[in-house]
Chemist: 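What follows is a single structure, and I will ask about it in a moment.
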Amino acid sequence: MRVIAVSTLKAFWAARPAFQDAEGPTLAWYRDVLRADWSKPSDVKAQFGNASILQDGRAAFNIGGNKYRIVVRINYPYRIVYIRFIGTHKQYDAIDAQTI
């Protein structure tokens, strides 16, 4: 899979010292996604059992022992993952993951 844009992840943990512990888990998630080949939502669930499959090609991942969430939009035919959001669970609760 191609991941757009890893800079979103880097900006998150670089923005505040409190989020620096997200660097390792998010980079591990990123490397796993790069090696993935998802053609349908069930492929995502097979690799990441704790992922939440949302509408319109979106998925939410628990990262860092459920401390953080990453929301992506996946274009399955082109094998592209667009990072739409990264934040704490509290920040995630404040957004609409279906439209972000």
Side-chain angles (χ1 to χ4, degrees):
M1 303 297 288
R2 250 176 80 206
V3 180
I4 300 174
V6 71
S7 61
T8 304
L9 301 176
K10 291 178 182 177
F12 176 73
W13 71 69
R16 294 190 195 116
F19 299 150
Q20 287 181 344
D21 64 333
E23 181 177 1
T26 55
L27 286 176
W29 173 87
Y30 173 75
R31 285 189 293 271
D32 287 344
V33 174
L34 285 178
R35 289 188 294 265
D37 184 25
W38 302 329
S39 63
K40 56 193 175 298
S42 61
D43 294 340
V44 176
K45 285 296 278 184
Q47 183 172 356
F48 292 96
N50 67 349
S52 299
I53 303 301
L54 309 172
Q55 297 173 359
D56 194 30
R58 295 182 194 285
F61 299 88
N62 290 311
I63 305 296
N66 289 338
K67 187 173 181 181
Y68 301 104
R69 292 215 104 201
I70 297 175
V71 177
V72 301
R73 184 176 183 288
I74 304 167
N75 183 322
Y76 293 100
Y78 290 98
R79 306 297 199 266
I80 300 174
V81 175
Y82 300 93
I83 298 172
R84 306 295 297 155
F85 169 85
I86 180 172
T88 64
H89 273 273
K90 184 177 180 180
Q91 292 167 328
Y92 173 82
D93 290 341
I95 65 162
D96 180 0
Q98 301 290 7
T99 60
I100 195 162

Chemist: Closest approach of F12 and A22, non-hydrogen atoms and distance?
Modeler: CE2-CB, 4.0 Å
Chemist: Is it possible for you to say whether I4 and L27 belong to one hydrophobic cluster, with membership spreading through side-chain heavy-atom contacts below 4.5 Å?
Modeler: no
Chemist: If we ignore hydrogens and angles and just use 3.5 Å, is the side chain of N66 paired with the main-chain N or O of N62 as donor and acceptor?
Modeler: no
Chemist: Taking K90 first and then D93, would you say they form a salt bridge - that is, a charged N and a carboxylate O separated by under 4.0 Å?
Modeler: no
Chemist: Write down the atom of I70, the atom of L9, and the distance for their closest heavy-atom approach.
Modeler: CD1-CD2, 4.0 Å
Chemist: With side-chain contact (heavy atoms from CB on, under 4.5 Å) as the test, would you mind laying out the steps for Q98 and D56 before giving the verdict?
Modeler: CA-CA 8 Å; Q98 301 290 7; D56 194 30; 5.7 Å; no
Chemist: What are the two closest non-hydrogen atoms of W38 and M1, and how far apart are they?
Modeler: N-SD, 3.3 Å
Chemist: Of the non-hydrogen atoms in A51 and K45, which two are nearest, and what is the gap between them?
Modeler: O-NZ, 2.8 Å
Chemist: Counting distance only, does the side-chain N/O of R58 pair as donor-acceptor with the main-chain N or O of I100 below 3.5 Å?
Modeler: yes
Chemist: I need the minimum non-hydrogen distance between A60 and Y92, along with the two atoms involved.
Modeler: CB-OH, 4.0 Å
Chemist: After noting the C-alpha distance and the side-chain angles of I83 and Y30, does the key distance pass the side-chain contact (heavy atoms from CB on, under 4.5 Å) rule?
Modeler: CA-CA 10 Å; I83 298 172; Y30 173 75; 5.5 Å; no
Chemist: So, K67 side chain and T88 main chain: donor-acceptor pair closer than 3.5 Å or not?
Modeler: no
Chemist: Is I86 linked to I95 within one hydrophobic cluster, defined over Ile, Leu, Val, Met, Phe, Trp and Tyr using a side-chain heavy-atom separation of less than 4.5 Å?
Modeler: no
Chemist: Under the 3.5 angstrom rule, does the side chain of R73 hit a backbone N or O of G57 as a donor-acceptor pair?
Modeler: no
Chemist: For D37 and D43, run side-chain contact (heavy atoms from CB on, under 4.5 Å): C-alpha distance rounded to whole Å, both residues' side-chain angles, the deciding distance at 0.1 Å, then the answer.
Modeler: CA-CA 8 Å; D37 184 25; D43 294 340; over 6 Å; no
Chemist: From D32 CG over to F48 CZ, what is the distance, rounded to the nearest 0.5 angstrom?
Modeler: 4.5 Å
Chemist: How long is the gap from CZ on R31 to OG1 on T26, to the nearest 0.5 Å?
Modeler: 9.0 Å
Chemist: Under the side chain to side chain contact (heavy atoms under 4.5 Å, CB included) test against V72, which residue among F61, F85, Y82 passes?
Modeler: F61
Chemist: Taking all non-hydrogen atoms of both residues, which atom of F19 and which atom of W13 are closest, and how far apart?
Modeler: O-CB, 3.3 Å
Chemist: Using 0.5 Å steps for rounding, measure from the CZ atom of R79 to the CZ atom of R2.
Modeler: 13.5 Å
Chemist: Can you name the one residue among I80, V33, I53, V44 that meets side chain to side chain contact (heavy atoms under 4.5 Å, CB included) with I74?
Modeler: V44
